[in-house]
Each structure stands twice: as C-alpha cells, then as structure tokens.
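Everything on this sheet refers to the single structure shown next.
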Amino acid sequence: MNEQCFFCKIQHDDNAVLYENSLLFLVLDGFPVSPGHGLLVPKRHVANLSDVTADEWRTYYLSIQESIKAIELTDLKAIYTAFFEKATSDIGKWFNRRALEHPHLGMKPDAHNHGLNDGTAAGRTVDHLHWHIIPRYAGDMADPRGGIRYVIPEMGNYKTPRA
Ligand SMILES: [Zn+2]
C-alpha cells in the first residue's frame with residue numbers, strides 16, 4: 001500500500017470496484033476512451049509487468065472475461081452521471097459527458113482493445129500497474145483497422161500506401 005497512490009486507495013471504495021478477487025480488482029476509467037473502459041489492477045502496489053507474480057499473472061488470465069461480464073452488467077449511464085457530477089476538472093467533465101452522449105452507451109460491445117502502458121516511456125502516468133479493457137463498437141471509428149498500433153498515431157495505419 002502506497003498512501004499517495006490512486007489505485008491503492010480506490011481498491012477500498014466499494015462504490016468504485018465492479019469486480020474483485022483475492023489478487024485483482026476492476027474499476028472504470030474516469031476519462032473513458034469509450035463507454036465501459038475498465039482498468040484491471042493488482043491489489044499490490046506494483047508498477048511494472050515484470051513485478052507481477054505468477055499467481056497474479058494467472059489471475060489476469062482468469063479475470064479478463066469476468067471483468068468484461070461485470071462491465072456489461074453495470075449501469076454505465078448511472079456511473080458516468082456520477083463521475084460527471086463529481087468531476088473536479090473540465091477535462092473530467094468532458095470525458096464523462098462524451099461517454100454519456102456516446103451512441104453506443106448501454107449496448108453490448110462488438111470487440112475490445114486491451115492495453116498496458118508498461119513504463120513511463122510507454123505512456124504510463126500512474127505508477128501502479130493497470131490493464132486497460134476498452135470496449136469497441138462497430139462504427140465507433142470510420143476505420144478501426146490497426147487498433148492498438150495507434151499508440152504512435154502515424155504508425156497506426158499500415159494499409160495506406162506511403163512514399
Ligand atoms: Zn498503488
């Protein structure tokens with residue numbers, strides 16, 4: 001437990017945790033990329049994937065599908081309404097308003113992106129490991145091909161000819 005760490009604290013908030021087992025817990029991202037954007041997080045304060053124990057890693061394998069089910073059973077409109085109302089920044093309000101206005105809010109996802117920012121250079125901003133589960137909906141982007149490759153935007157599309 002790290003007293004300053006967001007994930008160490010939020011795992012004790014029964015209103016925030018959607019699913020948990022002995023080693024991992026699931027919360028929704030407060031700045032959702034899409035409705036149902038979840039974070040599956042070790043209960044231990046560990047930063048890197050290389051810090052995860054074999055038991056934690058095995059539990060990830062077992063927990064991802066359980067997490068997706070838990071997200072699909074959650075009243076996302078109620079949660080994003082609460083997130084919007086308690087947001088302390090314009091950015092937080094913007095993301096949650098977008099989730100509330102999303103045309104696929106409340107619908108079953110058609111696909112998911114999974115992602116882990118394993119280190120600061122990879123984009124991690126909270127140094128407590130968290131696995132992103134990002135639901136995707138058919139038609140939510142004009143051309144979704146490339147998916148997670150868009151972590152470096154100009155390298156995402158590998159179909160467009162280049163000189
Ligand atoms: Zn932590």
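We use all heavy atoms of the structure for the numbers below, so side chains are in, but hydrogens, waters and symmetry mates are not. From a predicted model like this one, the values you see are computed outputs, not experimental measurements.
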Residues, nucleotides or ligands: over 12 heavy atoms within 6.0 Å of Asp13 CG:
yes
Side chain to side chain, Tyr150 and Asn113, heavy atoms closer than 4.5 Å
no
Are Val33 and Ile148 connected in the hydrophobic side-chain network, where two residues link if heavy atoms are under 4.5 Å apart?
no
Side chains of Pro42 and Tyr60: closer than 4.5 Å at any heavy-atom pair?
yes
Non-hydrogen atoms of Pro103 and Met107 that approach each other most closely
O-SD, 3.7 Å
Nearest atoms (heavy-atom pairs only) where Ala99 meets Pro32
CB-CG, 3.8 Å
Separation of His45 NE2 from Glu3 CD (nearest 0.5 Å):
11.0 Å
When clusters are formed by joining ILVMFWY residues with side-chain heavy atoms under 4.5 Å apart, either directly or through shared neighbours, do Phe83 and Phe31 land in the same one?
no
Lys93 and Asp90 ion-paired at < 4.0 Å
no
Membership question, hydrophobic clusters at under 4.5 Å side-chain separation (ILVMFWY): are Val17 and Leu28 in the same one?
no
Just how far is it from atom CD1 of Ile79 to atom CG of Asn96, taken to the nearest 0.5 Å?
10.5 Å
Please examine the side chains of Leu24 and Tyr19, heavy atoms only from C-beta on, and report whether any two atoms are closer than 4.5 Å.
no
Please report the closest heavy-atom contact between Ala70 and Leu26, naming both atoms and the distance.
CB-CD2, 4.1 Å
Is there a side-chain contact between Arg44 and Thr53 in this structure, where contact means two heavy atoms from C-beta onward sitting under 4.5 Å apart?
yes
Ile91, CD1: over 12 other non-hydrogen atoms inside 6.0 angstrom:
no
Between the side chain of Ser34 and the main-chain N/O of Ile134, is any donor-acceptor distance below 3.5 Å?
no
Does the side chain of Thr125 come within less than 4.5 Å of Asn117's, by heavy atoms?
no
If I take atom OG from residue Ser63 and atom CG from residue Asn21, how far apart are they, to the nearest 0.5 angstrom?
4.0 Å
Among all residues two or more places apart in sequence or in another chain, which pass the side-chain contact (heavy atoms from CB on, under 4.5 Å) test with Asn48?
Ser50, Asp51, Asp118, Arg124
Identify the heavy atoms of Thr59 and Asp55 that sit nearest to each other, and give their distance.
OG1-O, 2.6 Å
Should Asp29 and Phe95 count as side-chain neighbours, where that means a heavy-atom distance under 4.5 Å?
no
Give a yes or no on whether Leu129 and Phe25 share a hydrophobic cluster (residues Ile, Leu, Val, Met, Phe, Trp, Tyr; joining criterion: side-chain heavy atoms under 4.5 Å apart).
no
In the structure I gave you, are the side-chain heavy atoms of Phe7 and Leu39 within less than 4.5 Å of one another anywhere?
yes
Nearest atoms (heavy-atom pairs only) where Pro135 meets Pro109:
CB-CG, 3.6 Å
Looking at Arg136, is its backbone amide N or carbonyl O close enough to the side chain of Asp140 to form a donor-acceptor pair, meaning the two atoms are under 3.5 Å apart?
no
ILVMFWY cluster, Trp57 and Ile64 together (side-chain gap under 4.5 Å)
yes
Decide if atom CD of Gln4 counts as having more than 12 heavy atoms of other residues, nucleotides or ligands within a radius under 6.0 Å.
no
Under the side chain to side chain contact (heavy atoms under 4.5 Å, CB included) test against Leu76, which residue among Leu105, Leu100, Thr81 passes?
Leu105
Can you list everything that forms a side-chain hydrogen bond (donor to acceptor under 3.5 Å, both in side chains) with His130? Sequence neighbours excluded, please.
none
Counting C-beta onward and ignoring hydrogens, is there a side-chain heavy-atom pair between Ile133 and His114 closer than 4.5 Å?
yes
Output field: ring centroids Tyr137/His102 closer than 6.0 Å:
yes
Does Ile10 form a side chain to side chain contact (heavy atoms under 4.5 Å, CB included) with Val41? I'd like the steps, not just the answer.
CA-CA 10 Å; Ile10 200 169; Val41 188; over 6 Å; no
Using modelled atom types only, decide if a donor and an acceptor are shared between the side chain of Arg149 and the backbone of Met155 within a distance under 3.5 Å.
yes
Take Lys69 and Glu72 through the salt bridge (Lys or Arg N to Asp or Glu O under 4.0 Å) test and state the conclusion after the steps.
CA-CA 5 Å; Lys69 283 184 217 161; Glu72 289 179 11; over 6 Å; no
Are more than 12 heavy atoms, taken from residues, nucleotides or ligands other than Met1, located less than 6.0 Å from that residue's CE atom?
yes
I would like to know whether Asn2 and His128 meet side chain to side chain contact (heavy atoms under 4.5 Å, CB included); could you show each step before the answer?
CA-CA 9 Å; Asn2 176 326; His128 183 142; over 6 Å; no
Test side chain to side chain donor-acceptor pair (under 3.5 Å), reference Lys43, set Glu56, Gln11, Glu20, output is Glu20
